[in-house]
Amino acid sequence: MSIPAILASTYIISILGLFVFIASLRKGGTQSRPDGGNVIFEPGEIGTVEDPSLDRPGRRALQDSLSATDGTGADPNARTDMSVRIEGDRSSRGVALALWGSATFWLLVGSIFGLISSIKLHHPDWLVNEAWLTFGRTRIVHLNAVAYGWTAMAALATATWMLPRLLRTPLRGAGFSYLGTVLWNIGLAAGLIYIATSGNEALEWLEIPWRIGVLFAIGGALIGVPLLKMLPRARVDHLYVSVWYIGAALFWFPILYLVAKMPGLHTGIEYATMNWWYGHNVLGYFFTPMALAAVYYLVPKVIGRPIRSYDLSLLGFWTLAFFYGQVGAHHLIGGPVPSWLVTLSIVQSVMMVIPVIAFSVNQHQTMRGHFGALAHSQVLRFVLFGAVMYTVSSVQGSMQALRFINNTTHFTHFTVAHAHLGMYGFVAMVLFGAAYFIMPRVLDVEWPRPRLISLHFYLVVGGFAVYLMLLSVGGWLQGTALLDASRPFIDSVTVTWPYLQGRSLGGLLMTLGHFVFAWHLCLMIGARLGLSRRRAVKPLPLSEI
Amino acid sequence: MDNAYRLIAGALTTMALATSAMVVLPYTEVHRLKAPEGLQPYSASELRGRQQYINLGCMTCHSQQPRGTESGVDGSRGWGRPSVPEDYVHDAPPLLGTMRTGPDLFNIGSRQPSIDWHLGHLYQPRAYVPGSNMPAFPFLFEHKAQAGEGERLVSLPEGAAPRTGVVVARPEALDLVNYLLALDRTYPAPQQ
């Protein structure tokens, strides 16, 4: 079979597959569900806001502001039966706390190593006497700590906590989750120490050797077991779109990791294509769906209104599944790989516009007329900021895959900025919002100092804005210098210095924000344990909503 | 439950498509490639040096994949002809890299064949390239009163050398430099 034929057929199979799946969904009793989004609300609950991060007056203000916009307040006579959700929240407490605690710890570790790496790029003679502190190692430790420590565990925490609510059945098999959490933490700690002191596997995102990394695959699979145990007992007439995303992501991740890490399987240049098959799919098939699942649950919950178009959300899911899988090779543009592969990736990268638009339009339609809620709900601020950054980073990613842009940005700091736009601006911000929503239910105390939530928000948004803008501009100038044969190479280095310094400032602000978050979480746990002088305030119970 | 089966079937299908395009097909194209004439296997010291290159994270800033004129000006920078899959048969995995905070190193051995230059540059990059933000690697060297027998003295430009005593290269530094010197793919590309 000739190469163009392979290229065309992969593309056509993707499109056909997409139609087949959408058609089969419609046929098999799963008719179009205009009201499919209602499944996350109890009867009579629509119109009622839920934001556990708010105290009682704050919640009332949020409720009033939303009721005023469309007049659909909660029916004061209907007493909604919340027993299923109360039971669900109770069942997931321990696991959610273990995962959130771990994630927050690794967030601090990862941020510190990120900041050190960033400073080293403009102070190259700082901390050079120890091998474990050399730039090449701190940067890899940073990536692994924030990706597998913070983001992955926070995403798993959010998913595990949401599932009993989404399936309306208590968490089952919590023991598997605990074991998975322990294995994941051990694997990560051992992996980071190995990278810092001994070495790495020379593949980006896969630096941890397989003997250690296999704990991720096992841990991830174990954390997925409760979903399998709960699905047959689900008390819903159909699975909400968040379950689709979570279910697929929990299924995809162990496969990705096992194939990527299988010893003796890969060879020569195929290592590189496999590397970017993994590197981009761990984003597209794990982090992105996990964060989208949180957005699809939290936004409707906070504003008390279901997602506007449920059908569109399923279309978004399947287009993401069919197109995202093949986009990774644009990281190899111009490299010694088959050019049909890069072309295929560029085509699929551009097709990614479809799921992104489906998601963005849907979120915007859902929020339309309710943006006033942002003045009252901190959770909504974090989550919507993340949702908007998803759109921005995906559109940027699609553009960046085009050859004429990719030629300039490839090999430069612009790519690093783009990675942070997705992993931080989108995923991390959504997860922060999720933490503020979830923890009061987990610990059954209110956040002790709501102002720290604002401080966290403004520190990380400010720091992120500085980071993103400076590094994008610096990276672009670097790329321009690299492509100009009349300029010596060192020009492409010196032109970035001021931008790299500015990036450290942005990174410092973000790191400070993370310490505020972690400190606040400690205060909250302290309040729960009665260690604080101030009396812990219980959040408004679900039964009184 | 019906939906759950569809979900798993769909997820498997998309994953299979992605894996065939990006893992299986490339594998079938490259797994039987032969080394081009002119490409030597690495020596033991070069292999240890390659491990140093990996362990110190050199590829977080350096690529090893010169590109053709349609993608850039690598050729006019003296970085070499566009690399081809055959060039990497002795590299598992190939260290392609995705950043050029520093220059491409695929042919650094031919571009800069001086051991002294490489040793000194690793000890203090800014003594050789003003404006460079490459980290210094003093832990690959030893600062002593005088060199012992068989030890490699590092000759440093004025200003970079310590005021007293000498700097000698540790074996790790010598291995790393041997590897860098072996990065030389200036032989003609094999005919497709």
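The structure displayed is predicted, hence computed values, not measured ones. Order of the sequence lines fixes the chain letters, A, B, ..., with proteins taken first and strands second; residue numbering starts at 1 for each chain.
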**Student:** Once you round to the nearest 0.5 Å, how far does CE of B/Met99 lie from CD of A/Gln478?
**Tutor:** 6.0 Å
**Student:** Hey, which of A/Val128, A/Thr134, A/Asn129 is the one that makes side chain to side chain contact (heavy atoms under 4.5 Å, CB included) with B/Phe139?
**Tutor:** A/Thr134
**Student:** Where do B/Met15 and A/Leu256 land on the side chain to side chain contact (heavy atoms under 4.5 Å, CB included) test, with the steps shown first?
**Tutor:** CA-CA 9 Å; B/Met15 179 61 99; A/Leu256 277 172; 3.5 Å; yes
**Student:** Can you tell me which of A/Phe489, A/Tyr271, A/Phe251, A/Trp497 forms the most heavy-atom pairs within a distance under 4.5 Å of chain B?
**Tutor:** A/Phe489
**Student:** Identify which of A/Thr496, A/Asp484, A/Thr415 forms the greatest number of heavy-atom pairs closer than 4.5 Å to chain B.
**Tutor:** A/Asp484
**Student:** Quick one: CZ on A/Phe135 to OG1 on B/Thr60, what's the gap to the nearest 0.5 Å?
**Tutor:** 5.0 Å
**Student:** Would the distance check show the side chain of A/Thr273 and the main-chain N or O of B/Met22 forming a donor-acceptor pair, the cut-off being under 3.5 Å?
**Tutor:** yes
**Student:** Can you tell me which portion of B/Leu140 sits under 4.5 Å from chain A's heavy atoms? Options are side chain, backbone, both or neither.
**Tutor:** neither
**Student:** Which distance, rounded to the nearest 0.5 Å, do you find between the CD of A/Gln326 and the OG1 of B/Thr14?
**Tutor:** 9.0 Å
**Student:** Between B/Thr19 and chain A, which part of the residue has a heavy atom less than 4.5 Å away: side chain, backbone, both or neither?
**Tutor:** both
**Student:** Spell out, as yes or no, whether a donor-acceptor pair under 3.5 Å connects the side chain of B/Asn133 to the backbone of A/Leu121.
**Tutor:** yes
**Student:** Is A/Tyr324 close to chain B through its backbone or its side chain, or both, or neither, when contacts mean heavy atoms under 4.5 Å?
**Tutor:** neither
**Student:** I want to check something: taking the side chain as every heavy atom from C-beta on, are A/Asn407 and B/Ser71 in contact at a cut-off of under 4.5 Å?
**Tutor:** yes
**Student:** Go through the atoms of B/Gln124 and report whether side chain, backbone, both or neither lie under 4.5 Å from a heavy atom of chain A.
**Tutor:** side chain
**Student:** Please indicate whether A/Trp126 has more than 12 foreign heavy atoms, meaning atoms of other residues, nucleotides or ligands, lying under 6.0 Å from its CH2.
**Tutor:** yes
**Student:** Can you tell me how far the CG atom of A/Leu239 sits from the CG atom of B/Leu7, to the nearest 0.5 Å?
**Tutor:** 8.0 Å
**Student:** Answer whether the closest heavy-atom distance between the side chains of A/Arg137 and B/Asn55 falls below 4.5 Å.
**Tutor:** yes
**Student:** Find the distance between CZ (B/Arg67) and CZ (A/Phe411) and round it off to the nearest 0.5 Å.
**Tutor:** 4.5 Å
**Student:** Could you look at B/Thr101 and say if it's the side chain, the backbone, both or neither that has a heavy atom under 4.5 Å from chain A?
**Tutor:** both
**Student:** Is chain A contacted by the side chain of B/Leu33, its backbone, both, or neither, given a heavy-atom distance below 4.5 Å?
**Tutor:** neither
**Student:** First locate atom CZ of A/Arg403, then atom CD of B/Glu70, and finally report the distance between them rounded to the nearest 0.5 Å.
**Tutor:** 8.0 Å
**Student:** At a 4.5 Å cut-off on heavy atoms, which part of B/Pro135 comes close to chain A: side chain, backbone, both, or neither?
**Tutor:** both
**Student:** Output a table of donor-acceptor pairs, distance under 3.5 Å, between side-chain atoms of residues 154-162 of chain B and any protein atom two or more places apart or on a different chain; print 'none' if there are none.
**Tutor:**
none

**Student:** For B/Pro130, is it the side chain, the backbone, both, or neither that has a heavy atom closer than 4.5 Å to a heavy atom of chain A?
**Tutor:** backbone
**Student:** Select one option (side chain, backbone, both, neither) describing which atoms of A/Leu483 are under 4.5 Å from chain B's heavy atoms.
**Tutor:** both
**Student:** With a 3.5 Å cut-off and sequence neighbours excluded, list the donor-acceptor pairs that the side chains of residues 88-98 of chain B form with protein atoms.
**Tutor:**
from: B/Tyr88; atom 1: OH; to: B/Gln64; atom 2: O; distance (Å): 2.7
from: B/Tyr88; atom 1: OH; to: B/Ser83; atom 2: OG; distance (Å): 2.8
from: B/Asp91; atom 1: OD1; to: B/Tyr42; atom 2: OH; distance (Å): 3.1
from: B/Asp91; atom 1: OD1; to: B/Arg185; atom 2: NH2; distance (Å): 3.3
from: B/Asp91; atom 1: OD2; to: B/Tyr42; atom 2: OH; distance (Å): 3.1
from: B/Asp91; atom 1: OD2; to: B/Arg50; atom 2: NH1; distance (Å): 2.7
from: B/Thr98; atom 1: OG1; to: A/Glu204; atom 2: OE2; distance (Å): 2.4

